[in-house]
Participant: 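Below: one structure in structure tokens.
The analysis underlying the following values was restricted to heavy atoms, covering all of them including side chains, and did not include hydrogens, waters or symmetry mates.
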Amino acid sequence: MIKAARKEKKLTQEQLARGVGVSRSTVAMWETNQATPRAATLLKLADLFGCTVDELLREGGGVSGSAEEEAGVQVF
């Protein structure tokens, strides 16, 4: 969802990263399901993309269901 929404807004990874206060490599990791945005960042992403946090998470926005994520650990 994050990659599709970013492309729909015609943003580069760098532009999105600057907009939500993370590095470009962090955005790349979200888009390849290697990491999940933190809660505060999910709110910023939802505002930027005009969707809900639930939509970001349910549409494959970076949640892979790993044991670390199920335990609430942020993988970066």
Side-chain angles (χ1 to χ4, degrees):
M1 168 72 184
I2 292 175
K3 184 175 184 176
R6 175 180 64 78
K7 287 186 174 249
E8 185 176 311
K9 294 281 188 183
K10 299 184 184 338
L11 297 172
T12 65
Q13 286 181 341
E14 184 66 36
Q15 290 168 324
L16 176 58
R18 274 190 255 125
V20 296
V22 299
S23 69
R24 188 215 48 83
S25 62
T26 297
V27 172
M29 289 172 61
W30 296 339
E31 292 182 353
T32 58
N33 293 328
Q34 295 177 19
T36 306
R38 295 182 186 272
T41 305
L42 282 169
L43 292 171
K44 292 177 187 177
L45 289 167
D47 286 345
L48 180 68
F49 294 144
C51 66
T52 66
V53 170
D54 188 56
E55 290 170 322
L56 284 174
L57 295 174
R58 290 185 185 273
E59 296 296 323
V63 176
S64 65
S66 71
E68 291 87 0
E69 290 168 340
E70 290 174 16
V73 175
Q74 295 292 323
V75 181
F76 283 103

Participant: Taking only residues two or more places apart in sequence, or in another chain, which ones meet L43 in a side chain to side chain contact (heavy atoms under 4.5 Å, CB included)?
Facilitator: V53
Participant: So, for D54 and R58, which heavy atoms are closest and what is the spacing to 0.1 Å?
Facilitator: OD1-NE, 2.6 Å
Participant: Out of curiosity, L48 CG to I2 CD1, how far, rounded to the nearest 0.5 Å?
Facilitator: 10.5 Å
Participant: So, using side chain to side chain contact (heavy atoms under 4.5 Å, CB included) as the criterion, who are the partners of S25 when residues are at least two apart?
Facilitator: S23
Participant: Closest heavy-atom contact between V20 and W30?
Facilitator: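 In this case the closest contact between V20 and W30 is CG2-CH2, 4.1 Å.
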Participant: State the OG1-CG distance between T52 and D47, to the nearest 0.5 angstrom.
Facilitator: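 If I round to the nearest 0.5 Å, the distance is 11.0 Å.
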Participant: With T41, which residues qualify under side chain to side chain donor-acceptor pair (under 3.5 Å), at least two apart?
Facilitator: none
Participant: Give, for atom CD of Q13 and atom OG1 of T26, the distance between the pair rounded to the nearest 0.5 Å.
Facilitator: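 Going from CD on Q13 over to OG1 on T26, the span is 10.5 Å.
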Participant: Salt bridge (Lys or Arg N to Asp or Glu O under 4.0 Å) with R24: which residues, sequence neighbours excluded?
Facilitator: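 With sequence neighbours excluded, R24 shows a salt bridge (Lys or Arg N to Asp or Glu O under 4.0 Å) to no residue whatsoever.
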Participant: Please list all pairs meeting salt bridge (Lys or Arg N to Asp or Glu O under 4.0 Å) that have one or both residues in residues 13-23, counting only residues at least two apart or in different chains.
Facilitator: E14-R18
Participant: Run the side chain to side chain contact (heavy atoms under 4.5 Å, CB included) test on V22 and L16 for me, step by step, so that the C-alpha distance in whole Å, both residues' side-chain angles and the decisive distance to 0.1 Å come before the verdict.
Facilitator: CA-CA 8 Å; V22 299; L16 176 58; over 6 Å; no
Participant: Mind checking what makes side chain to side chain contact (heavy atoms under 4.5 Å, CB included) contact with T32, not counting sequence neighbours?
Facilitator: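 Here the qualifying residues are Q34.
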Participant: Quick one: salt bridge (Lys or Arg N to Asp or Glu O under 4.0 Å) pairs with a partner in residues 3-12, sequence neighbours left out?
Facilitator: R6-E31
